[in-house]
**Q** 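Sharing a structure with you now.
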Amino acid sequence: METTAFIKPTTKRYGITEKKKSDLDLLTSQVTDAQAVVQQQLAVVSSLNQKAIKYQGYLTEAENSRSQSLSNKQLAEQVVQNALDLTQNSEIAFSKMTAANENTGAVAKEMAALINKLIYSVEIINKLSNLVIRKKALNPLISDDLITKISAAGTDANNAVALTLNALKSIFAAQSLCLESEAITALEQKQALALYLTLTGKKSVNETFTLKNNNSILALLATADIEAKAAYLEANRANDETTRQLNVATTQLNKAQIELKSLEAALAAANAAALAS
């Protein structure tokens, strides 16, 4: 009976030791596997980080290209509008210059009549001034201020005559310039129209602008703008997808790291328990 009582506890202790060893081996294997998963996820996250940086660069380039293309298109549209405005304004100016030539002669006649009236006024003012001065010599009570004002009026009248003469001279010069301007405006209108049609690829001002079979500057820039917008959208989609993949991989890495820490803690506790038994 003593021999039997001695053997049974040894068998039980042996069984417990083997069980702990088996548990430790399992935990160690799980820790190793978890470490491998973490390393794999780290590699994935690192790769996706590099990819995200690259695609962010692509997106920045696409955004810059889109902004520049839009700016070029808007600038071309502004130049086209300026050419159209110049064409229309030239037409209006030409018609008005024709009318102006007809009116300039009438204005010149009116200015000549005005000069005659001003000269007559100067003569009247001068006579009045001389009369007042003579009266002043006989009657000191006449105000000096009156003499001053009459003298100033004479000066102003003379200045008005001079200014009117200059104006009449300018009118005659304008008549000559109007004739020259008519020819210049007609040429300007023709050149502005040619520029507008070249920029738009249209055959007339009233024709509708289209991109199909159009190799004009405006059409090329408009097409480039469309393509730049499409490229930006594609780059943006690629960048968003890469960001999504990176977020998923980062989440998986965090989970793997938490799992590894949990298994390492369990292994450490199991080793401590085994050493204490």
Side-chain angles (χ1 to χ4, degrees), residues 71 73-207 209 216-218:
S71 177
K73 177 191 172 187
Q74 290 174 338
L75 181 58
E77 289 173 343
Q78 182 179 357
V79 172
V80 167
Q81 186 60 48
N82 290 341
L84 179 60
D85 291 343
L86 182 57
T87 300
Q88 296 172 339
N89 292 337
S90 297
E91 292 177 354
I92 295 172
F94 182 79
S95 63
K96 288 186 176 181
M97 283 179 183
T98 301
N101 281 333
E102 297 174 355
N103 295 330
T104 302
V107 173
K109 292 179 181 179
E110 293 177 0
M111 291 298 294
L114 177 60
I115 289 174
N116 289 333
K117 292 178 181 180
L118 286 173
I119 292 173
Y120 176 74
S121 298
V122 170
E123 291 176 352
I124 296 299
I125 292 172
N126 287 337
K127 289 178 179 179
L128 178 60
S129 177
N130 292 332
L131 178 61
V132 171
I133 291 173
R134 288 198 301 271
K135 293 294 184 181
K136 172 69 173 178
L138 298 174
N139 186 2
L141 295 177
I142 295 177
S143 173
D144 291 337
D145 184 56
L146 176 60
I147 296 175
T148 301
K149 288 183 178 179
I150 292 175
S151 177
T155 301
D156 291 341
N158 283 315
N159 289 337
V161 170
L163 291 173
T164 307
L165 288 171
N166 285 331
L168 185 58
K169 180 181 178 181
S170 298
I171 290 173
F172 290 138
Q175 285 182 307
S176 176
L177 289 175
C178 281
L179 293 174
E180 295 178 5
S181 297
E182 279 189 36
I184 294 173
T185 303
L187 178 61
E188 179 184 81
Q189 189 273 336
K190 182 178 180 180
Q191 292 177 339
L193 177 60
L195 175 60
Y196 173 81
L197 297 179
T198 299
L199 289 172
T200 60
K202 296 166 63 174
K203 295 180 180 179
S204 68
V205 173
N206 296 325
E207 183 181 353
F209 175 77
S216 68
I217 294 175
L218 183 59

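This is a predicted model, so every value here is computed, not measured.
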**Q** I'd like to check the side chain to side chain contact (heavy atoms under 4.5 Å, CB included) partners of Leu163; sequence neighbours left out, ordered by chain and number.
**A**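 By the side chain to side chain contact (heavy atoms under 4.5 Å, CB included) rule, Leu163 matches no residue at all.
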**Q** Can you name the residues that form a side chain to side chain donor-acceptor pair (under 3.5 Å) with Asn158, not counting sequence neighbours?
**A**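 Scan of Asn158 (side chain to side chain donor-acceptor pair (under 3.5 Å), adjacent residues dropped) gives none.
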**Q** Tell me every residue that passes salt bridge (Lys or Arg N to Asp or Glu O under 4.0 Å) with Lys149, counting only those two or more places apart in sequence or in another chain.
**A**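 Salt bridge (Lys or Arg N to Asp or Glu O under 4.0 Å) list for Lys149, sorted by chain: Asp145.
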**Q** Please tabulate, one pair per line, all N/O donor-acceptor pairs under 3.5 Å involving side-chain atoms of residues 113-123, not counting sequence neighbours.
**A**
residue: Asn116; atom: ND2; partner: Ala112; partner atom: O; Å: 3.4
residue: Ser121; atom: OG; partner: Lys117; partner atom: O; Å: 3.0

**Q** Report the residues that fulfil side chain to side chain contact (heavy atoms under 4.5 Å, CB included) with Leu218, sequence neighbours left out, ordered by chain and then residue number.
**A**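 Leu218: side chain to side chain contact (heavy atoms under 4.5 Å, CB included) contacts with Ala76, Glu77, Val80, Thr200, Phe209, Ser216.
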**Q** Search all heavy atoms of Ser90 against all heavy atoms of Leu86 and return the closest pair with its distance.
**A**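 The pair with the smallest heavy-atom distance is OG-O, 2.6 Å.
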**Q** Quick one: list whatever passes side chain to side chain contact (heavy atoms under 4.5 Å, CB included) with Thr87, sequence neighbours left out.
**A**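 Thr87 satisfies side chain to side chain contact (heavy atoms under 4.5 Å, CB included) with Glu91, Gln189, Ala192, Leu193 only.
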**Q** Please identify each residue that fulfils side chain to side chain donor-acceptor pair (under 3.5 Å) with Lys202, with sequence neighbours left out.
**A**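 Partners of Lys202 under the side chain to side chain donor-acceptor pair (under 3.5 Å) test: Tyr196.
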**Q** Among residues at least two apart in sequence or on other chains, which ones pass side chain to side chain donor-acceptor pair (under 3.5 Å) with Gln191?
**A**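 Checked Gln191 against side chain to side chain donor-acceptor pair (under 3.5 Å); zero matches.
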**Q** To the nearest 0.5 angstrom, please state how far the OG1 atom of Thr185 sits from the CD1 atom of Ile92.
**A**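 Thr185 atom OG1 to Ile92 atom CD1 measures 12.0 Å (nearest 0.5 Å).
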